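No experiment lies behind these values; they were computed from the predicted model shown. First the proteins, then the strands, lettered A, B, ... as listed; each starts at 1.
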Number of protein chains: 2
Amino acid sequence: MTDMDAYERLIKTFTPRDDLSSDDIALLRSMPLRIATYGKGEEIIAQDSEVSESCLMMTGWTGRAVYLESGKRQITALHIAGDFVDLHGFTLKYMDHSVVALTATQVAFVRHDELKKITHVSPHLTRLFWMLTTIDGAVQRTTIASLGRRPALERLGHLLCELDCRLSVVGLAQDHRYDVPLVQEELADILGLSVVHMNRTIQDLRKAGLVTWQGSRIVIHDFGKLTQFSGFDPRYLNFIKRER
Amino acid sequence: MTDMDAYERLIKTFTPRDDLSSDDIALLRSMPLRIATYGKGEEIIAQDSEVSESCLMMTGWTGRAVYLESGKRQITALHIAGDFVDLHGFTLKYMDHSVVALTATQVAFVRHDELKKITHVSPHLTRLFWMLTTIDGAVQRTTIASLGRRPALERLGHLLCELDCRLSVVGLAQDHRYDVPLVQEELADILGLSVVHMNRTIQDLRKAGLVTWQGSRIVIHDFGKLTQFSGFDPRYLNFIKRER
DNA sequence: CGAAAACTTGAGTTCACTCAAGAAATGTGG
DNA sequence: CCACATTTCTTGAGTGAACTCAAGTTTTCG
């Protein structure tokens, strides 16, 4: 995991969803990448800025943060290894949110002119990059449904189910055990709760016997039960191989 | 407006964001469309189905509805003339939500094999279609921020500002006046509120003197003030012409 | 080891929810 | 075109989930 190069990382993001031809792979490998590292808490991309490259996560956790006038913050998405955090910036340029490193992070930047080139030479890869942004949209819809219609405890349960699935695919979770290197204030900003209520909700989840959660280590005791309790259906993550 | 054909409708969705060449336009016009109409309340696309075409709104209002196990419903997005409701279906196929007609509706379906053809012959149009899905994502992020961090009254104000902008662009709002043909239960499902609280929030907005709202007719008295009150910044709608 | 950050608990408040019922508007059949 | 049924809107009352403020405890880190 640790010495995987950025191209491998990118290829592994696509392959659970569709097969890549050797031409596709060669083309991906021809894209110049700029590797960068960030410390915990650093801002990788500023809200309201204009971008000319997009960033693929190699290691660490990042979040998309929207800062409101009121001083409140909402984290609209969480990103881990293999996620293309701001690929939407390719077609939008304008960043309606910032990207912050929630842990020490390594990312690979791809210039937009390289992506543009791909739209000229590979319709298939173009559709796959496009797909990454639409999967992102599907995750966002699920978040909207959670924030709008699920009480705090179910919301947290749903998030843990989603993270379990996503972390498993990139090898960061095994047997429904994984690390969430986030403080409760960050979790609160993801789930739209106050810090105090976040804390109490975590305790409720522990008391319900659904998880063990010590420090950053999470163990889901009965994944099926948590899934059912929180109404989690993994299909929106589109981890299914098909012609795209 | 009424006799505008579907191709004009589509072209007018792109042109506020980028210029189209005559080749682009010719290519769009070469796509076969299937026009369909739906009555108020009808389901246009079912949740959990697989799709092979995507639908462009001609007239009426539709919503993307997520139905939860609890019986609750969240409307994750609202769509009006010119919106490509489920263009994300092109790259995903699987529908994580249903699309429902909130009023009588006319739509134009485009087959996915036609869109696929476009990815082979026009990189520029491909990027523009892709852009439509990423703008959709930007709207969703704003919704997440609203649901997570804004109280009911601001949430409603923000929605009205967004609708004002979007309806204006397609000629359905003038001077900050427009019709919202939705019942309070639907608005509640959009804003993540109960029907009773939705009703009281509308009354609060009226009492605050920010809008007149009789039947479906909405008049925003001071758009700048409503904008400021609800923290609305239209940039996320990407109504800006640039090379894409 | 001490300071800072993160977590936890208590207490009081507020925003939003549910249940219930009545009023107003809308639609439909005779 | 009216009368009745249904839907939608509105109001009241009580409840509950989540919030704020404040302080104490534990953990982390230099």
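- The nucleotide range of DNA chain C contacted by chain B, defined by atoms under 4.0 angstrom from heavy atoms of the protein and reported 5' to 3', is C/dA16 to C/dC19.
- Checked options B/Arg64, B/Arg166, B/Lys12, B/Arg9; the residue passing with B/Asp83 is B/Arg166 (criterion: salt bridge (charged side-chain N to carboxylate O under 4.0 Å, His left out)).
- Among the heavy atoms of the strands, none lies under 4.0 Å from B/Arg149.
- Where B/Gly148 and B/Val195 each meet DNA chain D at their nearest nucleotide, the meeting point lying more 5' is that of B/Val195.
- Ion pairing of A/Asp96 with B/Arg141 is present here, as a side-chain N (NZ or NE/NH1/NH2) and a carboxylate O approach within less than 4.0 Å.
- Here the C1' atom of nucleotide D/dT25 and the CG atom of A/Asn199 are 12 Å apart, to the nearest Å.
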Just list the side-chain donor-acceptor pairs under 3.5 Å for residues 191-200 of chain A, sequence neighbours left out, or say none.
| residue | atom | partner | partner atom | Å |
| --- | --- | --- | --- | --- |
| A/Ser194 | OG | A/His197 | N | 3.2 |
| A/Asn199 | OD1 | A/Gln203 | NE2 | 2.4 |
| A/Asn199 | ND2 | A/Gln184 | OE1 | 2.9 |

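- With rounding to whole Å, A/Arg200 atom CZ is found 11 Å from D/dC19 atom P.
- The residue among B/Val183 and A/His197 whose nearest nucleotide of DNA chain D lies closer to the 5′ end is B/Val183.
- Atom NZ in B/Lys40 sits about 12 Å away from atom P in D/dT7, given to the nearest Å.
- Here B/Gln184 does not reach the OP1 or OP2 of D/dT7: none of its side-chain N or O atoms lies under 4.0 Å away.
- The shortest distance between side-chain heavy atoms of A/Thr142 and A/His158 falls below 4.5 Å.
- Panel note: side chain A/Asp175, backbone A/Arg177; no donor-acceptor pair is recorded below 3.5 Å.
- Atoms CE (A/Met198) and P (D/dT20) sit 15 Å apart, rounded to a whole Å.
- Note: CH2 (B/Trp213) to P (D/dT8) measures 15 Å, nearest angstrom.
- Residue A/Glu154 contributes atom CD, which lies 13 Å from atom C1' of D/dA17 at whole-angstrom precision.
- Annotation: A/Glu185, atom CD; neighbour count of heavy atoms from other residues, nucleotides and ligands within 6.0 Å does not exceed 12.
- No contact: B/Arg150 has no heavy atom under 4.0 Å from any strand.
- For the residue pair A/Tyr67/A/Gln74, the side-chain donor-acceptor check at 3.5 Å is not satisfied.
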